[in-house]
Amino acid sequence: QPEDALLTVSGLTAGYGTSPVLHAVDITVPPATLVALLGPNGAGKTTLLRVISGLLRPSAGLLRLAGQDVTRLRPHRRAQKGLCLIPEGRGIFPSLTVGENLELQVPPWMADAELGRVLEMFPVLGSRMKQVAGTLSGGEQQMLALARAVLARPKVILVDEISMGLAPRLIDRLFEALTELAAAGISMLIVEQYVQRVLEICPLAYVLNKGAVAYSGSSDSLGRDDIAAQYLGTA
Ligand code: ATP
């Protein structure tokens, strides 16, 4: 595996029942880097995130996190090792308050100061600790999902369509938060329908088509790559 890789996926093949979806997929995520995972509907992006997080078992391939083989670990063990999924449609408890959602994620040994630092990154949450999470706006709920993920001290966050249904202004704020988290040392593999905008924050990109990698490389050259462009539409 490449020397500077944090997460590597190699030769990954997976599907549902007897229908294959992913075919020998190779992906590398460097430390503290945002990586876009793009491709047309049905290409297998969500399926890949599910396999990486351990929710779906691959039929072949290898997954390494920080040099360690995690291919056979259960999802919660992967999470303990720093691999965290924010699923499409948010990973929060809507009937609990904001404060309760966060507290559930705070390990007993964590200092109050650390929760404070996370809340500084997401100021909107600090003023709404007693509000029931399900009554937050869509953007606020996504901020809460991100804050919960960050409290788990992840190395890599897998982000599935975090901008779904949000107003452009909120998407900007969320993408800013993703950039700040990368600067703080967290890597992310980001599935996103807003192709141009996500490419602005991700230096690296992969394009999946029909379950295989159709492009991998810098986001800058992706714009000039005809093969990749034909799979991306004009979002
Ligand atoms: P989109 O951009 O539309 O969300 P995607 O790239 O995330 O698409 P996936 O959701 O990974 O694509 O789906 C890949 C393929 O796997 C599709 O053909 C889909 O119908 C199929 N698929 C997804 N989930 C299941 C499932 N639970 N059982 C059977 N087939 C599934």
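Everything quoted here is computed from the prediction, not taken from an experiment.
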Problem set entry | G126 versus L119, closest heavy-atom pair with distance | N-CD2, 4.2 Å
For this session: Find out if a path of hydrophobic residues (ILVMFWY) with successive side-chain heavy-atom gaps under 4.5 Å connects L146 to M129.
Result: yes
Exercise. With hydrophobic residues grouped by side-chain heavy-atom distances under 4.5 Å, do L96 and L151 end up in a single group?
Worked result: no
For this session: State the CG-CD distance between L166 and E161, to the nearest 0.5 angstrom.
Result: 11.0 Å
Problem set entry | R78 and L63: CA distance, side-chain angles, deciding distance, side chain to side chain contact (heavy atoms under 4.5 Å, CB included) verdict | CA-CA 11 Å; R78 292 185 203 199; L63 251 144; 3.7 Å; yes
For this session: State, yes or no, whether a side-chain contact exists between H23 and K210 at a heavy-atom distance under 4.5 Å.
Result: no
Exercise. Should P40 and N209 count as side-chain neighbours, where that means a heavy-atom distance under 4.5 Å?
Worked result: yes
Exercise. Between CD1 of I162 and CE of M143, what distance do you get to the nearest 0.5 Å?
Worked result: 8.0 Å
Exercise. Between D160 (side chain) and V191 (backbone), is there a donor-acceptor pair under 3.5 Å?
Worked result: no
Exercise. Do L85 and L55 come within less than 4.5 Å of each other through their side chains, counting heavy atoms only?
Worked result: yes
For this session: Please report the shortest heavy-atom distance between R128 and L136, naming the atom on each side.
Result: CD-CD2, 3.9 Å
Exercise. Got a salt bridge between R173 and E176, using NZ or NE/NH1/NH2 to carboxylate O under 4.0 Å?
Worked result: yes
Exercise. Side-chain contact, heavy-atom cut-off 4.5 Å: L6 with T33?
Worked result: no
Problem set entry | Any donor-acceptor N or O pair under 3.5 Å, side chains D69, T71 | yes
Exercise. How many angstroms lie between SG in C84 and CZ in R153, if you round to the nearest 0.5 Å?
Worked result: 14.0 Å
Exercise. Tell me, do L144 and L102 make a side-chain contact under 4.5 Å, heavy atoms counted?
Worked result: yes
For this session: Enter the distance from L174:CG to R197:CZ here, rounded to the nearest 0.5 Å.
Result: 10.0 Å
